[in-house]
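Notes follow once the structure below has been shown.
As the structure lists them, so they are numbered: ligands from 1, and atoms in each ligand from 1.
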Amino acid sequence: MDFEAVAKYSALHLKPAGLSLQYGTAGFRTKAGHLDHVMYRMGLLAVLRSRQTKSTIGVMVTASHNPEEDNGVKLVDPLGEMLTSAWEEYATRLANAEEQEIQSILTEICQKEAVKLHQYASVFIGRDTRPSSEKLSQSVIDGVSALGGQYHDYGLVTTPQLHYMVCCQNTQEHYGKATVEGYYQKLSKAFGELTKQASSSGDDQMCLKIDCANGIGALKLKEMERNLPKKLLIHLYNDGTKEKLNHLCGADFVKVHQKPPLGLEIKPNERCCSFDGDADRIVYYYNDTAGHFHLVDGDKIATLISTFIKELLMKIGQTLKMAVIQTAYANGSSTRYLEETMKVPVHCTKTGVKHLHHKAQEFDIGVYFEANGHGTVLFSKAAEEKIRHMAKEEKENQKREAAKMLENTIDLINQIADRRVIDTTDAERRAVTPAGLQEKIDELVKKYRVSRAFVRPSGTEDVVRVYSEADTQENADSLAHEVSLAVYHLAGGIGEPPQPVC
Ligand SMILES: CC(=O)N[C@H]1[C@@H](OP(=O)(O)O)O[C@H](CO)[C@@H](O)[C@@H]1O
Ligand SMILES: [Mg+2]
């Protein structure tokens, strides 16, 4: 390793004194001004990971749904998955290391992980539209270069696009062409064919209003539009030309406030959706004729997708094992519906795509969604081969058609991913510390009907998240307030005590 080059570049990307960060739910996230050294060091780490896996590794510069002033970085593993957890730990150590410790940490990682120093290294880099992202991605490039790695800077891309490129590159383009154009072509073709096969009444003209959160989704949809079937009319809102990223818009805003984003007027039964800042979340919504707002969040999307797939599986007569993976944030009634009515097994994991993705890989078909709209469907290699074979060779027309629909579904879905005093267990549904907090929450939950509540430290923002569910909106709000007061008192809250939701 050329430690001289590492040190020389490192001096250009100094760590602010006393700063300590953690590779959290989705990489590092904090104020953009604190991240220069982290970016440089993640460039270094990506080179080591690339040498160890003998594959291309992705580095995405984004802070997703966080405010525009924040930024962040996440590493993408060879098949487009999130970085494996052992390496998250190295990432944290490297990010927090003092200048003089960098060399020894790099050496230690190489020894532990048997990294061959002369192995070719390749890193794909992408970034979102934040004003700070361009400079920060230059710092990643410095890190890659310092260790003699090659890089391809894709510039402005969505998180799913970068995951796709990495997967294409490492599968010798079996998954698709490793270009933005290749991405549009693959997805648009599958979408066009699937909508032809699955057409239903009223679909001659499909309209969709899209809130792009003032982020990258707007740029990329504008590029993709020419590939989409003519009968799909898309209208973009919050396209970043006027307002701030994620401000009063985007998937997180719509999910949390249960209302449409700023700047998007909805007429009854118009179909609308919202992305987040790096376009890896989507939630749908509409107003009914009485003007009531209805959200189709990740829980509902997972239910619809698994219903759709289950029907097709029945048609092709295959007994492939399907499961839905959720987090503690899934509404209890969606879990009950899936298990009791749909008879689909449901599993619960910790928050963050990486946990859901991991669990979903255990099944022939794993449908995973976070309530906030992050998610996808994974098909095992064996399931995919069976389906593709039937789509080609099956003699019975109906079965072959159903298999083709499943095949198009596979191609349409991008199968890749993409406060600390409170400690939790049971997929984050119970708090272990501080003492007495869980008992207090249990006591409060008992006061309300069909209620649930839990708390956990956020891995992307400096907050404790409080979740509550009850028979009415008022009761859910009141339970949330009581739980947040318990957190405030028992977990050392700062500032004013939490106020009731109005
Ligand atoms: C409750 C919630 O929505 N949490 C989000 C949020 O993580 P936190 O660790 O809760 O800050 O951001 C993650 C990355 O976008 C996303 O995966 C996750 O679902
Ligand atoms: Mg995101």
Got the closest protein heavy atom to atom 10 (O) of ligand 1, with its distance?
-> R465 NE, 2.5 Å
With S139, which residues qualify under side-chain hydrogen bond (donor to acceptor under 3.5 Å, both in side chains), at least two apart?
-> D36
Would the number of heavy atoms belonging to other residues, nucleotides or ligands and lying under 6.0 Å from OH of Y151 be above 12?
-> no
Cationic tip of K300 within the cone over Y284's six-membered ring, i.e. under 6.0 Å and within 45° of the normal?
-> no
Does at least one non-hydrogen atom of K255 fall below 4.0 angstrom from an atom of ligand 1?
-> no
What pairs of residues pass the salt bridge (charged side-chain N to carboxylate O under 4.0 Å, His left out) test when at least one of them lies in residues 360-375, not counting sequence neighbours?
-> K359-E362
Geometric N/O contact T351 with ligand 1, under 3.5 angstrom | no
Which of H358, H357, H347, H374 passes ring-ring contact (aromatic ring centres under 6.0 Å, His included) with Y368? It is H357
Geometric N/O contact T460 with ligand 1, under 3.5 angstrom | yes
Looking only at protein heavy atoms, identify the closest one to atom 2 (C) of ligand 1 and say how far it is in Å.
-> N372 ND2, 3.6 Å
Checked the Mg ion (ligand 2): protein N, O or S atoms closer than 2.8 Å come out as S64 OG, D276 OD2, D278 OD1, D280 OD1
Heavy-atom proximity to atom 17 (O) of ligand 1, picking from E461, E370, R29, points to E370
Neighbour count above 12 (heavy atom, 6.0 Å) for K321 NZ | no
Under the ring pair (Phe, Tyr, Trp, His ring centres under 6.0 Å) test, which residues partner H481, sequence neighbours left out?
-> none
Atom 11 (O) of ligand 1 has as its nearest protein heavy atom S458 OG, 2.3 Å
